[in-house]
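Taking it in order: structure first as structure tokens, then the write-up.
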2 protein chains.
Amino acid sequence: MVRVGLTTERVVRAGAELADEVGFDQVTVSELARRFDVKVASLYSHVKGSQDLRTRIALFALEELADRAADAIAGRAGKDALIAFADAYRDYGREHPGRSAAARLRLDPETAAASAGVRHARMTRAILRGYDLTEPDQTHAVRLLGSVFHGYSSLETAGGFSHSAPDSQESWMRILDALDALLRTWPTTPAP
Amino acid sequence: MVRVGLTTERVVRAGAELADEVGFDQVTVSELARRFDVKVASLYSHVKGSQDLRTRIALFALEELADRAADAIAGRAGKDALIAFADAYRDYGREHPGRSAAARLRLDPETAAASAGVRHARMTRAILRGYDLTEPDQTHAVRLLGSVFHGYSSLETAGGFSHSAPDSQESWMRILDALDALLRTWPTTPAP
DNA sequence: CTAAGTTGCCTAAATGCTTTAGGCAAATGC
DNA sequence: GCATTTGCCTAAAGCATTTAGGCAACTTAG
């Protein structure tokens with residue numbers, strides 16, 4: 001009996017790769033076992049089950065994405081920072097569609113609170129310090145940016161913007177220009 | 001043998017209700033059979049299988065949502081129309097989380113092209129006629145609005161905005177104010 | 001270096017969802 | 001009333017999930 005050297009870490013990482021290949025909701029403990037050339041039951045020592053595996057992949061993706069975003073904004077400010085930050089999200093979604101979908105998994109409140117999700121929120125606030133927003137407008141803006149990054153990435157991955165002009169890259173740049181302009185002139189009071 | 005009176009229509013509708021109760025990705029042909037008090041195999045005359053069922057629920061949701069959005073914008077223009085339209089999306093997500101998730105299912109290109117998705121795109125363009133955007137800025141704006149509606153609804157359903165101030169309704173209103181302002185002053189050329 | 005303990009992977013088995021094949025009975029139409 | 005279509009059935013095979021219990025291979029202490 002040869003030991004493959006499984007650990008929770010390695011299982012989750014392989015799960016993330018599998019997600020990128022076949023889609024996050026097609027990730028299965030059985031397929032993972034096949035890839036490790038190991039019996040299914042063996043994985044249950046490292047992962048509580050299918051749901052636990054998915055949650056762990058989600059946490060892993062959130063962490064990885066937060067690391068990338070942090071790298072992207074380091075040493076930048078203002079619009080530069082906004083663009084680098086936004087690009088980190090979009091690029092992650094294009095390079096790792098499965099992990100990106102995983103990062104959007106609904107987590108229960110305690111898990112979410114202990115996840116890298118809070119780093120994402122903090123970084124978004126940091127970006128917004130380059131603009132002149134008072135609380136609670138800053139919170140509204142955090143939610144807007146989250147929605148746009150999340151939504152755009154999701155639609156783009158679903159193929160929503162392919163096969164039609166102008167290309168996605170063009171729209172993305174113009175949307176970021178627009179968001180930058182919006183944040184600089186954020187309407188304090190409802191427009192007439 | 002009593003006949004229940006199954007049709008594809010009824011099966012799909014029940015599937016949509018099931019999705020709202022247990023979540024779109026927990027929808028199962030078996031559970032549906034249980035609810036109709038019918039054997040599983042019986043459903044396979046009405047639906048090709050699990051994947052087909054999910055796709056049909058997605059198409060149903062897209063249609064229903066398009067109808068609602070169309071009602072919402074009828075007789076309105078400008079910011080009024082924008083808000084009514086956006087609210088239709090958000091309300092649908094809150095009333096029908098499962099169907100709303102279904103509407104975000106990735107469809108293959110031909111299916112998508114034949115779906116109510118194209119009505120959504122057309123309506124979004126109609127909203128934007130109230131603003132002074134030239135092509136291709138209109139397309140960029142369509143994509144931005146799609147991302148925001150999609151993303152906000154998805155994050156809100158995931159519980160992202162609960163348990164923190166200000167409440168989601170407040171943010172939503174301020175975000176729509178901001179989008180309206182943005183569309184009225186859409187930056188034609190990248191800001192410096 | 002060996003014995004004891006721990007860990008890693010195994011076999012076995014139950015449960016449940018999916019899907020196909022083929023059959024009988026109820027509704028429908030001539 | 002009879003034939004056809006349609007609706008739901010039984011049966012069975014395949015695969016994913018999950019738990020229980022076992023043996024072999026590492027690790028560590030004496």
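What you are looking at is a predicted structure, and each value in this text was computed from that prediction instead of being measured. Proteins come first, then strands; the chains are lettered A, B, ... in the order of their sequence lines, and each starts at number 1.
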Taking atom [atom2] of [N] as reference, at what distance in whole Å does atom [atom1] of [X] sit?
X: B:Glu31; N: C:dG16; atom1: CD; atom2: C1'; answer: 12 Å
X: A:Gln51; N: D:dT18; atom1: CD; atom2: P; answer: 9 Å
X: B:Leu53; N: C:dT19; atom1: CG; atom2: C1'; answer: 14 Å
X: B:Leu32; N: C:dT18; atom1: CG; atom2: C1'; answer: 14 Å
X: B:Lys48; N: C:dT20; atom1: NZ; atom2: C1'; answer: 15 Å
X: A:Arg54; N: D:dT17; atom1: CZ; atom2: C1'; answer: 11 Å
X: A:Asp52; N: D:dT19; atom1: CG; atom2: P; answer: 11 Å
X: A:Lys39; N: D:dT17; atom1: NZ; atom2: P; answer: 15 Å

When we call it a touch if two heavy atoms are under 4.0 Å apart, what does B:Val40 touch: a base, just sugar-phosphate, or nothing? base

Can you tell which of [options] lies closest to the side chain of [X]?
X: A:Leu6; options: C:dC9, C:dT18, D:dC8; answer: C:dC9
X: B:Thr28; options: D:dT10, C:dT18, C:dC9; answer: C:dT18
X: B:Ser42; options: D:dT17, D:dC8, C:dC10; answer: D:dC8
X: A:Tyr44; options: C:dC17, D:dC9, D:dT18; answer: D:dT18

Parallel, tilted or perpendicular: rings of A:Phe149 and A:Phe85 (30°, 60°): perpendicular

Heavy-atom donor-acceptor pair, B:Arg106 side chain to A:Thr157 backbone, under 3.5 Å: yes

Quick one: do B:Asp177 and B:Arg174 make a salt bridge, cutoff under 4.0 Å? yes

Salt-bridged, A:Arg125 to A:Glu135, with N to O below 4.0 Å? yes

Mind checking whether A:Tyr152 and A:Trp172 have ring centres under 6.0 Å apart? yes

Relative to the 5' end of DNA chain D, which residue comes earlier, A:Ser30 or A:Ala41, by the nucleotide with the nearest heavy atom? A:Ser30

If only side-chain N and O atoms of B:His46 are considered, is one of them under 4.0 Å from the OP1 or OP2 phosphate oxygen of D:dT6? no

